[in-house]
Amino acid sequence: MGRKLIIDTDPGVDDAFAIALAALSDDVELLGVTTVFGNVSLPRTTSNALRLLALCGRADVPVAAGADRPLVYPQQSRATHIHGPDGLSGRSSVLPEPARQARRAGAVSLMVELLERADEPVTIAAIGPLTNVALLLAAHPRVRDRISRIVIMGGGLDHGNTTAMAEFNVWSDPEAARRVLVEEDVPCVLVPLDLTLRCAVDSAWLAKLAAAGPVGAALTALTPDYLASYRRVLGFEGMAMHDAVAVAEAIRPGILRTKSFPIEIDCTSGPGRGATLVDRRSEPARAQGEGPVHAGVADVALDTDLDGLRNFVLGRISRS
Ligand code: BDR
Ligand code: CA
């Protein structure tokens, strides 16, 4: 069956593509989907995840809802101006009704159950704020060695998308991101904006997906508000599929080219709050320079075969 995977998500249009990518890939075993606040409220992200799995014919995948807010400070705003009022361009009702309910026990309990039951270490793809993953690692340190890697869509090295320096997932809960990326000793792959924006897809790619079958048509139907927002950012008719880039790496390790760097998360209350400080100085420059005083280490995804990646995602989510 292949690699075992848990997705922690806040759907979200690009989350929708990422969930479909994993749900329709037969070389990965999607053990569960856990939801977190983020692009929209937790009840919305949860119902969107359930509907997306129903669309993909994967009602067998258990879903559980997790954190409805950040660990410490309130989330300043959702991303409805990008993903639409319901997180799916106002079109979530084109998706099938959820085929089952979310598990009562909640996201952290489901993750613990799935990690402990698995006969090999599991990959976690974290494509929303990192609150659930931070809570998991804080409350259940024994599961650390049940996790092979945490592949995180988040951060921006050169710039953010929510503030000048902060990317949305990290900005939504910087303390959680710091717990996972800096405080914990679990292998992390960070897939930042610097790469996900380069992997943006255009209208020709979306037209191929729409023509591929009912799942492709339904996913494409979720994009109007998101496309309108990205048209302004990218300057062409297309969209970033941030989260699907991270899930591609979770499914096929090495599809993205990574490099290991010290990393810190700005948890101050100043203008840098939520920034991912990736120390790209050379070893000698770092050795003769200052700090960072305390930093984790992450494998940061900086490059890929852009068309190969787009074809990989298109080929997989066209299966239905
Ligand atoms: C990230 O923020 C969310 O809006 C997207 O779903 C993605 O996970 C991109 O910054
Ligand atoms: Ca997301």
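Ligands are counted one by one from 1 in listed order, and the atoms in each one are counted from 1 as well. The figures here come from the full heavy-atom set of this structure, side chains too, leaving out hydrogens, waters and symmetry mates.
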Item to check | Passing candidate, side-chain contact (heavy atoms from CB on, under 4.5 Å) with Ile150, options Leu137, Leu190, Ile6 | outcome: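 Among the candidates, only Leu137 passes.
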Which pairs of donor and acceptor atoms, one on a side chain in residues 15-24, lie under 3.5 Å apart (sequence neighbours left out)?
{"residue": "Asp15", "atom": "OD1", "partner": "Asn39", "partner atom": "ND2", "Å": "3.3"}
{"residue": "Asp15", "atom": "OD2", "partner": "Thr9", "partner atom": "OG1", "Å": "2.9"}
{"residue": "Asp15", "atom": "OD2", "partner": "Asp10", "partner atom": "N", "Å": "3.3"}

Checklist entry - Where is the nearest protein heavy atom to atom 8 (O) of ligand 1: which residue, which atom, and how far? => result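 Closest protein heavy atom to atom 8 (O) of ligand 1: Asp243 OD1, 2.6 Å.
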Item to check | Single-linkage hydrophobic cluster, 4.5 Å side-chain cutoff, Leu256 and Ile317 together | outcome: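 Looking at the clustering, Ile317 is in the same group as Leu256.
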Side chains of [X] and [Y] in contact at under 4.5 Å (non-hydrogen atoms):
X: Pro74; Y: Arg69; result: no
X: Asp266; Y: Met165; result: no
X: Cys199; Y: Thr304; result: yes

Checklist entry - Does anything in residues 199-235 pair up under ring pair (Phe, Tyr, Trp, His ring centres under 6.0 Å), and if so which pairs, sequence neighbours excluded? => result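 Output for this query lists His83-Tyr226, Tyr226-Tyr230, Tyr230-His242.
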Checklist entry - Close to the Ca ion (ligand 2), meaning under 3.0 Å, how many protein N, O or S atoms are there? => result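 Number of qualifying protein atoms: 5.
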Checklist entry - Is a side-chain donor-acceptor pair under 3.5 Å present for Thr34 with Asn132? => result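 Asn132 vs Thr34: no donor-acceptor pair found between side chains.
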Checklist entry - Does a donor on one side chain sit under 3.5 Å from an acceptor on the other, for Arg149 and Thr123? => result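 Per modelled atom types, Arg149 and Thr123 side chains form no pair under 3.5 Å.
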Any N or O of [X] closer than 3.5 Å to N or O of ligand 1:
X: Asn39; result: yes
X: Asp14; result: yes
X: Gly128; result: no

Within a distance under 4.0 Å of any heavy atom of [X], pick out the atoms of ligand 1 and give their elements.
X: Glu167; value: 1 (C), 2 (O), 9 (C), 10 (O)
X: Ile127; value: 8 (O)
X: Asp15; value: 6 (O)
X: Met153; value: 1 (C), 7 (C), 8 (O), 9 (C)

Checklist entry - For Pro43, which residues count as a side chain to side chain contact (heavy atoms under 4.5 Å, CB included) partner, sequence neighbours excluded? => result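 Partners of Pro43 by the side chain to side chain contact (heavy atoms under 4.5 Å, CB included) criterion, ordered by chain and then number, come out as Ser41.
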Checklist entry - Applying a 4.0 Å heavy-atom criterion (strictly less than), which segment of Thr162 is in contact with ligand 1: side chain, backbone, both, or neither? => result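 Neither; no heavy atom under 4.0 Å.
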